[in-house]
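In the text below, chain A, chain B and the rest are named by the order of the sequence lines, each starting its count at 1. Quick caveat, the model's predicted, so the values are computed rather than measured.
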Amino acid sequence: MTERLKIASWNINSVRYRIDIVGRFLKEEAPDILCLQETKVVDELFPHEAFHALGYSHRLLHGQRMHHGVAIVSRVPLIEDDRLDWQANQEARHIGVRLPNGLRLENVYVPAGGDVPDAELNPKFGQKLAFVERMTRWSEGLTTPTILVGDFNIAPLECDVWSHKQLLDVVSHTPVEVAALARLQASHQWVDLGRHFVPPPGRLYTWWSYRAKDWAASDRGRRLDHMWASPQVARHAVAHKVHEDCRAWLKPSDHVPLVTEFAF
DNA sequence: ATGACTTCCGTAGGAAGA
């Protein structure tokens with residue numbers, strides 16, 4: 001018998017401020033599991049009721065005051081959860097679980113890294129690189145089939161940004177970040193599901209700045225959000241969609257949700 | 001463009017996003 005599993009990931013930029021569009025997305029797309037980043041809420045104030053009402057009765061949180069914060073909400077049970085600190089500074093940027101079918105699902109929010117792409121001048125940039133390096137050490141030791149999703153805050157390919165040339169010195173697309181992400185990917189032979197379904201040079205963006213006068217007209221997008229899978233899991237991926245339409249919804253996040261459907 | 005916009009916290013405006 002085939003088991004279908006639809007997993008979504010979305011940097012929501014405040015789950016409380018955007019609870020209406022999260023609800024709309026869950027109703028329309030009906031994923032089994034939604035991984036959220038930038039929830040921006042302490043666990044005590046997480047809007048449980050809205051998710052429970054839509055059937056997402058399993059919820060695991062790793063939030064903090066003001067910034068960052070991740071969560072997994074699900075219609076299927078979530079077990080053996082853990083929260084890793086790849087920046088070694090107590091920021092809430094990861095939550096992982098085991099699913100009933102034995103897979104691991106890891107939800108991560110990689111630090112943005114500040115403005116200046118120089119670790120000497122900008123400590124946040126160094127912290128971002130260290131975060132990805134610690135993730136790589138973790139990834140090297142993985143033996144369980146895993147799905148790794150989230151806001152990686154790095155657009156690795158030339159076609160992952162609106163202008164490769166103009167973004168070479170812009171944090172998120174610098175060669176040093178791209179190289180760090182490539183080492184992470186190689187450490188487990190992670191399959192980039194976005195590019196599995198939309199091969200280069202196909203247009204595929206997940207983020208558009210709030211600062212553009214007309215985000216759709218200028219289309220200065222970047223692919224900062226990703227869904228990766230262990231090779232033996234990626235074989236079961238049957239569909240993938242980036243919900244660009246959500247960027248035009250009322251009170252949008254600057255990121256849009258990604259969805260992958262698996263058939264086991 | 002030391003730029004534009006958005007959120008949190010808290011009730012002004014700084015910090016952070018990327």
Side-chain angles (χ1 to χ4, degrees), chain A residues 9-22 36-47 61-71 86-87 89-94 108-119 121-132 150-181 194 204-226 242 244 246-258:
Chain A
S9 174
W10 196 359
N11 179 320
I12 198 59
N13 185 17
S14 174
V15 69
R16 287 180 294 174
Y17 192 70
R18 260 172 265 291
I19 194 64
D20 290 346
I21 62 167
V22 179
L36 292 166
Q37 303 90 36
E38 278 206 86
T39 52
K40 293 190 174 178
V41 63
V42 289
D43 293 350
E44 294 72 28
L45 297 176
F46 190 85
L61 312 176
H62 186 192
Q64 66 174 79
R65 187 179 141 93
M66 286 280 281
H67 301 299
H68 324 310
V70 289
W86 286 313
Q87 205 172 202
N89 68 353
Q90 289 78 54
E91 289 181 353
R93 295 180 175 276
H94 167 266
V108 65
Y109 174 46
V110 176
D115 283 324
V116 182
D118 182 322
L121 300 173
N122 167 25
K124 286 182 187 172
F125 191 72
Q127 286 164 15
K128 178 181 194 174
L129 296 175
F131 187 104
V132 176
D151 177 1
F152 293 10
N153 267 318
I154 298 172
L157 305 179
E158 293 191 16
C159 58
D160 288 336
V161 293
W162 63 276
S163 168
H164 169 63
K165 268 192 175 175
Q166 287 179 249
L167 289 172
L168 271 171
D169 290 327
V170 174
V171 174
S172 74
H173 192 62
T174 63
V176 62
E177 292 169 89
V178 170
L181 193 66
L204 194 61
Y205 304 144
T206 67
W207 175 89
W208 293 260
S209 173
Y210 283 125
R211 297 184 187 189
K213 282 195 189 82
D214 182 336
W215 71 274
S218 57
D219 196 26
R220 295 185 169 189
R222 305 179 202 172
R223 189 170 72 106
L224 302 179
D225 303 87
H226 301 273
V242 175
E244 193 170 329
C246 295
R247 186 62 179 77
W249 286 5
L250 195 64
K251 294 202 298 184
S253 170
D254 44 357
H255 297 253
V256 296
L258 286 63

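- Side-chain atoms of A:Arg18 and A:Ser253 form no donor-acceptor pair, as typed in the model, at a separation below 3.5 Å.
- Below the 3.5 angstrom threshold, one finds no donor paired with an acceptor across the side chain of A:Asp254 and the base of B:dA18.
- Contact check, A:Arg211 against B:dT7: no side-chain N or O comes under 4.0 Å of OP1 or OP2.
- Between A:Tyr109 and A:His68, the ring-plane angle classifies as tilted under the 30° and 60° cut-offs.
- Straight-line distance between the P atoms of B:dT2 and B:dG13: roughly 23 Å, to the nearest whole Å.
- Aromatic ring orientation, A:Phe131 versus A:Trp86: perpendicular (interplanar angle above 60°, classes split at 30° and 60°).
- Aromatic pair A:His164/A:His173: ring centres closer than 6.0 Å.
- Across the interface with DNA chain B, nearest-nucleotide mapping of A:Ala112 and A:Ala212 shows A:Ala212 to be the residue nearer the 5′ end.
- Within the nucleic acid shown, A:Tyr109 comes within 4.0 Å of sugar-phosphate atoms alone, with no base atom in reach, counting heavy atoms only.
- Residue A:Ser14 places at least one side-chain N or O closer than 4.0 Å to OP1 or OP2 of B:dC8.
- Taking atom C1' on both B:dA4 and B:dG17, the two are 14 Å apart, rounded to the nearest angstrom.
- In the set B:dG10, B:dG17, B:dA18, B:dG10 carries the atom at the smallest distance from any side-chain atom of A:Arg65.
- In this structure, the nucleotide among B:dA18, B:dC8, B:dT6 sitting nearest to the side chain of A:Asn11 is B:dA18.
- Contact annotation: A:His173 does not reach the phosphate of B:dA18 (side-chain N/O to OP1 or OP2, under 4.0 Å).
- Heavy-atom distances to DNA chain B give each of A:Asn13 and A:Lys213 a nearest nucleotide, and the one nearer the 5′ end belongs to A:Lys213.
- When the nucleotides B:dA18, B:dC8, B:dT7 are ranked by their closest atom to the side chain of A:Arg18, B:dT7 comes out on top.
- Nearest nucleotide to the side chain of A:Asp151, out of B:dA18, B:dT6, B:dC8: B:dA18.
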